[in-house]
Amino acid sequence: MLIGVIIISIIISMVGIGRSMVSLMKRTRIPGSLLSVYKLVLLFVVYFTMITAFACIYLCLVILDIPVLREGSIDIATIPMEGITRIQSVLYFSAVTLLSVGYGDVTPIGVGRWIAIIEALIGYLMPAAFFVTTIVHYKEGSEL
């Protein structure tokens, strides 16, 4: 039963990531403006969705005792923590991985490395995609 719930939550996380990326690429320019408050709020919401979705994936794997994150020299799955502490650890790691290169205090191991690579790649490409689509949509609107 627990494995089924975890698989469903991973699928929901992946759908959330995909839908967030699609909504960021949609044409949402307000005529006459290069950047709109709506587009900036949308970017913030997409980042928040990405962070929580990847954190959910890490947390599900930690719950299944699959080694994905290490804090210092200790696997996070083996540390006796409360649930909220694990949630904070995976949210922190997800945010640091998506928004920066990372600090090195929490490191991915095993399959967590591949998930972190995908997350970091999305984190690097998202701002570029945001600005490129904004500029392209602005130029398309000004040529009409």
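Side chains are part of it too, since the values below use all heavy atoms of this structure and drop only hydrogens, waters and symmetry mates.
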Tell me, do [X] and [Y] make a side-chain contact under 4.5 Å, heavy atoms counted?
| X | Y | answer |
| --- | --- | --- |
| Leu69 | Ile109 | no |
| Met126 | Val46 | yes |
| Val106 | Arg70 | no |

Whichever hydrophobic residues join Trp114 through chains of side-chain contacts under 4.5 Å: Ile117
Find the distance between [atom1] ([X]) and [atom2] ([Y]) and round it off to the nearest 0.5 Å.
| X | Y | atom1 | atom2 | result |
| --- | --- | --- | --- | --- |
| Ile57 | Leu59 | CD1 | CG | 11.0 Å |
| Thr52 | Ile87 | OG1 | CD1 | 12.0 Å |
| Ile118 | Ile122 | CD1 | CD1 | 7.0 Å |

Cluster overlap Phe44 with Leu125, hydrophobic side-chain contacts below 4.5 Å: no
Side-chain donor-acceptor distances from residues 94-103 under 3.5 Å, at least two apart:
{"unit_1": "Ser94", "atom_1": "OG", "unit_2": "Ile51", "atom_2": "O", "d": "2.9"}
{"unit_1": "Ser94", "atom_1": "OG", "unit_2": "Glu119", "atom_2": "OE2", "d": "2.6"}
{"unit_1": "Thr97", "atom_1": "OG1", "unit_2": "Phe93", "atom_2": "O", "d": "2.8"}
{"unit_1": "Ser100", "atom_1": "OG", "unit_2": "Val96", "atom_2": "O", "d": "2.9"}
{"unit_1": "Ser100", "atom_1": "OG", "unit_2": "Gly102", "atom_2": "N", "d": "3.3"}

Geometric class of the Phe54/Tyr58 ring pair [parallel <30°, tilted 30-60°, perpendicular >60°]: tilted
Shortest non-hydrogen separation from Gly123 to Tyr47 and the atoms involved: O-OH, 4.0 Å
Side-chain (Thr107) to main-chain (Gly104) donor-acceptor, under 3.5 angstrom: no
